[in-house]
Amino acid sequence: SLTEKFTGLFKDLSGQGKLSEANIKEASARVRRALLEADVNYKVVKDFAAAVEARALGEDVLTSITPGQKFVKIVYDQMVETLGSVNQPLALSPQPPTVIMVCGLQGSGKTTTCAKLAKHLSKPGRRIMLAAADIYRPAAVQQLEILSKQVGCDFFKLDSTDVAQICQEAKQEAVKKLIDVLILDTAGRLHIDTEMMAELERVQKTVKPQEILLVVDGMTGQDAVNIATEFSKALPLSGVIMTKLDGDARGGAALSLKVISGQPIKFIGVGEKLSALEEFHPSRVASRILG
Amino acid sequence: FTGKKALSASEYGELEELLLLADVGPRAAEKLLGSVKNGDQELTAIERLKREMLAILAANSNCKLQIANFSDKPQVWLIAGVNGSGKTTTIGKLGNMLTANGSKVMLAAADTYRAAAIEQLELWSKKIGAGFVGSAPGADPASVAFDAVSAAMSQKTDVLLIDTAGRLHTQKHLRDELVKVHSTIAKKMPGAPHQTLLVLDATTGQNALSQARLFSEAIPISGIVLTKLDGTAKGGIMLAIAQELKLPVVLAGVGEGVGDLKVFDAEEFVEGVLG
Ligand SMILES: Nc1nc2c(ncn2[C@@H]2O[C@H](COP(=O)(O)OP(=O)(O)OP(=O)(O)O)[C@@H](O)[C@H]2O)c(=O)[nH]1
Ligand SMILES: Nc1nc2c(ncn2[C@@H]2O[C@H](COP(=O)(O)OP(=O)(O)OP(=O)(O)O)[C@@H](O)[C@H]2O)c(=O)[nH]1
Ligand SMILES: [Mg+2]
Ligand SMILES: [Mg+2]
């Protein structure tokens, strides 16, 4: 574990005499390597390690009786703060329907996550509607329709080649049916596909969702920065959901996503079942990234 | 530093950054740069790096996937990988490639778990003019595989592609299910599956190494398909995978269309990593 590694490092270093600034530099280089192995982006790691170094010097790690433990606490606290300190919930509009738009790269888990959100939000007296706005992937509409039956919520589809129109009509239908929350499932797309990114912008301008959630695969590597940058440019994102964190991926992309998008990670996906959605807690993800 | 033979410390730092941003990973990047520093000083540093990367990728002599003129028929190819990596789409594209090269292809939907997985593959089979074997959702994947191999044998199929459900490599019961599918195929037809392809998403970071390790511990993997290379991710983790597990990358997915599958080109891949 990280605690063991740094306690060991500082023990060896202090065994060589009084700790110095150079020792802090060595420790921060180790943090850098650990974070790169955890898929935190190279540039984000640089800034993070520099912040940790400055903090370690400022908080007198060198004169502490337990420098290793103190250093680890600094790393951990810095990580938790960077990840957003506290959980930020979904913003439900006092004037229904609240519209939640879900977007992201191919295969990241959007369709499954839409159904999980529907289930998460389901409570007596609240009506949820799932709308199928992926008109490209074979059987995408069927996939969401099956999931909506499993959740037990309303479902909207429309035979049209205009995705903005589909979303507009879904909203009109939601108003008619007194739906409280409308969730729009969009097609997976590359952040560098200008036409498909323009489609998302059209949907956003047409429907004006209260929440725009970027769904990112928890195993994503350095590319997380590119994804976050382009999606943030195109849309006023309100949050991020990281999926597939039930595996052994360290999830370092979370740091990149939070730092670059400036938006909170709101949930994490931890399985294929519709109940496998957890609220994001920075402390838990920080421990996971730091291993 | 393109034309240089000797690099300064800061130039090595720039090279390291390039490799890390391509998901090569800190340990593999360090090893690569070490071999560049100690390599043939008559070549430029970049040339040394390229050669070292190509040598790693060529670690397995079975780097070329045969896609026509099969002597053992029906060829049975099993496709596996984690959730959302691109298995089903890859099978559609691969079936199209094989048909274009003269084979009679059949697709089998052994993903009996995920919503509309069977429908998704059936639509692909119609698109590419391939045969199709499916079942009701919830059926045992091994029995779908068994029925598909029987059908392929009796219908003079040249290549049978078997789609499986996405599964995280860390889930033992799902690894066991895959092992059962594999051994059911082997019992039904000696020598099968002739290919077992692991589908890896190029956007995945260091976790791809763990995926490759655990999948290849469960069943013998004959090749890797690296998908979504049409994005900005470079798939650099493939170097660590090639070095440690000697698994060849045989195909590259470069888009969502039926034609977006290429034979893996190591030179092109290295160029992509080095930007
Ligand atoms: N283990 C695990 N699997 C997940 C999770 N979220 C989604 N999946 C699986 O990931 C795969 C892809 O999920 P989808 O919901 O189809 O992904 P998508 O983003 O809608 O895909 P596209 O629409 O093609 O872009 C499916 O096999 C899901 O069951 C998760 O949190 N954990
Ligand atoms: N851009 C791009 N998208 C791809 C590529 N390969 C697959 N996809 C997309 O990735 C998404 C997931 O593909 P699937 O074929 O459903 O993936 P899968 O591995 O079968 O997913 P599960 O069965 O749910 O585990 C779809 O939207 C595909 O169109 C590729 O090479 N490039
Ligand atoms: Mg989808
Ligand atoms: Mg599939």
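Chain letters run A, B, ... following the sequence lines, proteins first and then strands; every chain starts at 1.
Residues A:Arg32 and B:Glu16 are paired through a salt bridge, judged by an N-O separation under 4.0 Å between the basic side chain and the carboxylate.
B:Glu256 places none of its side-chain heavy atoms less than 4.5 Å from the side chain of A:Arg137. Looking only at side-chain heavy atoms (C-beta outward), B:Gln120 and A:Gln143 stay at 4.5 Å or farther from each other. Side chains of A:Gln106 and B:Thr227 form no contact here, defined as non-hydrogen atoms less than 4.5 Å apart. Two residues are said to be in side-chain contact when any heavy atoms from C-beta on lie closer than 4.5 Å; A:Glu272 and B:Arg167 fail this criterion. Here the side chains of B:Lys234 and A:Gln222 are not in contact, with every heavy-atom distance at 4.5 Å or above.
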Practice task
With side-chain contact (heavy atoms from CB on, under 4.5 Å) as the test, would you mind laying out the steps for A:Met219 and B:Gln211 before giving the verdict?
Solution key: CA-CA 10 Å; A:Met219 320 178 253; B:Gln211 292 175 27; 3.1 Å; yes

Problem - side-chain contact (heavy atoms from CB on, under 4.5 Å) evaluation trace for A:Thr220 with B:Thr204 - result: CA-CA 4 Å; A:Thr220 303; B:Thr204 301; over 6 Å; no

Exercise for the section: Could you walk me through whether A:Lys43 and B:Leu21 pass side-chain contact (heavy atoms from CB on, under 4.5 Å), step by step? Expected result: CA-CA 9 Å; A:Lys43 299 186 180 101; B:Leu21 288 174; 3.9 Å; yes

Problem - Criterion side-chain contact (heavy atoms from CB on, under 4.5 Å) on A:Leu190 and B:Lys228, from CA distance to verdict - result: CA-CA 9 Å; A:Leu190 292 179; B:Lys228 307 179 199 172; 5.6 Å; no

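A donor-acceptor pair under 3.5 Å is absent between the side-chain atoms of B:Asn83 and the main chain of A:Lys244, judged by distance alone.
In the displayed structure, A:Lys119 atom NZ is contacted under 6.0 Å by at most 12 heavy atoms of other residues, nucleotides or ligands. Atom CD of A:Gln150 is surrounded by more than 12 heavy atoms from other residues, nucleotides or ligands within 6.0 Å.
There is no contact between A:Leu144 and chain B, counting heavy-atom distances below 4.5 Å. When heavy atoms are compared at a cutoff of 4.5 Å, B:Arg27 approaches chain A by way of both its backbone and its side chain.
Residues B:Thr232 and A:Asp223 have side chains that bring a donor and an acceptor to within less than 3.5 angstrom of each other. Side-chain polar atoms of B:Ser210 and A:Asp248 form a donor-acceptor pair below 3.5 angstrom.
Here the closest non-hydrogen pair linking B:Thr170 and A:Gly247 is OG1-CA, 3.5 Å. Residue B:Ala116 comes nearest to A:Ala139 through the heavy atom pair CB-O, 3.7 Å, listed as atom of the first residue, atom of the second, then distance.
Listed options B:Pro26, B:Gly166, B:Ala233 were ranked by heavy-atom pairs under 4.5 angstrom with chain A; first place goes to B:Pro26. When each of A:Asp217, A:Asn41, A:Ile146, A:Val225 is checked for heavy-atom pairs under 4.5 Å with chain B, A:Ile146 comes out on top.
Distance check, rounded to the nearest 0.5 Å: CD of B:Gln206 to CG of A:Leu36 gives 8.5 Å. With rounding to the nearest 0.5 angstrom, the OH atom of A:Tyr42 is 14.0 Å from the CG atom of B:Asp23.
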